[in-house]
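Comments concern the structure below.
Below, all heavy atoms of this structure are taken into account, side chains as well, without hydrogens, waters or symmetry copies.
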Amino acid sequence: KRKKTDKSSEDIISTLSDLINNRAESMEKLINNNAMKIEGLKKTVDFVCSEVQDLKKKMSDAEKCIDEEKRRRSMLENRIRELEGYHRHWNLKLHGISEKDGQDVRTAVIRICQEVLPEEKIKLPDVIYTVHRLGSKVNADKPRPVILQFTNRVHRDAIWKAARNNSYLRENKLHFAEDFCEEDRERRKK
């Protein structure tokens, strides 16, 4: 009987040993498989981290370029404002000239300027470079202002100075104004 028991114990041990060995091999394969997957994930994470670092550098470089372009744009906008302001120093606005169809605004403006500055009567047609109305006709009751551009500042300044207390302008409900760019007008309102 003992032999039979020993044989069955050996069978049990052998079966258990086979089961344990199979289980261990299966666990080892699973561990090796997981280790390979983890190694693959590590390589992927390393690659992604490298890409993120590259993108951060590119983004930093792009931000520097954007900042430089903003600075440059601001500088150019300031320069444009300065040039526009300088260009407008050659101009005067005349308010109050009634609008008529087919009207020669240039002749009317020159005649008014000759009344304001009679001592330069002969030169004024040559020093008033361009004359035109501003904007489009919206309100028939209120005439649009006229812009005058002079060829030299001396005559422009002389007209501006003579117009300050001129009786002809007051009697005819006319007045001159300096031509400021929008930014200067806003700054002067404050």
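- Side-chain atoms of E99 do not come within 3.5 Å of backbone N or O of K142 as any donor-acceptor pair.
- Under the ring-ring contact (aromatic ring centres under 6.0 Å, His included) criterion, H132 pairs with no residue at all, not counting sequence neighbours.
- Of the inter-residue distances, the one linking F180 atom CZ with E84 atom CD reads 12.5 Å to the nearest 0.5 angstrom.
- With values rounded to the nearest 0.5 angstrom, M27 atom CE is found 13.0 Å from I20 atom CD1.
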Between K42 and K37, does the side-chain contact (heavy atoms from CB on, under 4.5 Å) criterion hold? Intermediate values first, please.
CA-CA 9 Å; K42 182 183 177 302; K37 287 180 181 178; over 6 Å; no
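- In this structure, R23 contributes its side chain and D18 its backbone to no donor-acceptor pair below 3.5 Å.
- The existence of a salt bridge linking D67 and R71 is excluded, since no basic side-chain nitrogen approaches an acidic carboxylate oxygen closer than 4.0 Å.
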Could you check E77 against R72 for side-chain contact (heavy atoms from CB on, under 4.5 Å), going step by step and ending with a plain yes or no?
CA-CA 9 Å; E77 286 173 349; R72 188 169 174 261; over 6 Å; no
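- Once rounded to the nearest 0.5 Å, the distance linking CG of L41 with CE of M36 reads 12.0 Å.
- Looking at residues two or more places apart in sequence or on another chain, you find no ring-ring contact (aromatic ring centres under 6.0 Å, His included) involving H87.
- Taking CG of N152 as the start and NZ of K123 as the end, the distance is 8.5 Å to the nearest 0.5 Å.
- By the neighbour-count criterion of 12 heavy atoms within 6.0 Å, atom CG of L16 is densely surrounded, having more than that number from other residues, nucleotides or ligands.
- The other members of the hydrophobic cluster of L117, by chain and number, are L92, L94, I97, V105, V109, I110, I112, V116, L124, V127, I128, V131, V146, L148, F150, I159, W160, Y168, L169, L174, F176 (side-chain heavy atoms under 4.5 Å, ILVMFWY only).
- Contact between P143 and S98 at its shortest, heavy atoms only, is CB-CA, 4.1 Å.
- Among K93, K161, R88, R156, the single residue meeting the salt bridge (charged side-chain N to carboxylate O under 4.0 Å, His left out) criterion with E178 is R156.
- N172 CG to S167 OG: the interatomic distance, rounded to the nearest 0.5 Å, is 9.5 Å.
- At least one donor-acceptor pair closer than 3.5 Å links the side chain of T44 to the backbone N or O of G40.
- Checked against side chain to side chain donor-acceptor pair (under 3.5 Å), R170 has no partners two or more places apart in sequence or in another chain.
- Residues N166 and A162 approach most closely at CB-O, 3.5 Å, considering heavy atoms.
- Put simply, the side chain of N33 never gets that close to the backbone of K29: no donor and acceptor are under 3.5 Å apart.
- Without hydrogens or angle criteria, R144 side chain to R133 main chain gives no donor-acceptor distance under 3.5 Å.
- Shown here is N165, whose CG atom has no more than 12 heavy atoms of other residues, nucleotides or ligands within 6.0 Å.
- Grouped by direct or indirect side-chain proximity (heavy atoms under 4.5 Å, Ile/Leu/Val/Met/Phe/Trp/Tyr only), I13 sits alone.
- At least one donor-acceptor pair under 3.5 Å links the side chain of Q114 to the backbone N or O of K121.
- A donor-acceptor pair under 3.5 Å is absent between the side-chain atoms of S50 and the main chain of D46, judged by distance alone.
- A distance of 13.5 Å separates SG of C65 from NZ of K58, quoted to the nearest 0.5 Å.
- Residues satisfying the side chain to side chain donor-acceptor pair (under 3.5 Å) test with K43, not counting sequence neighbours, are none.
- Checking side-chain atoms of R153 against main-chain N and O of H89 turns up a donor-acceptor pair under 3.5 Å.
- Summarising the local packing, CE of M75 is surrounded by more than 12 heavy atoms from other residues, nucleotides or ligands at distances under 6.0 Å.
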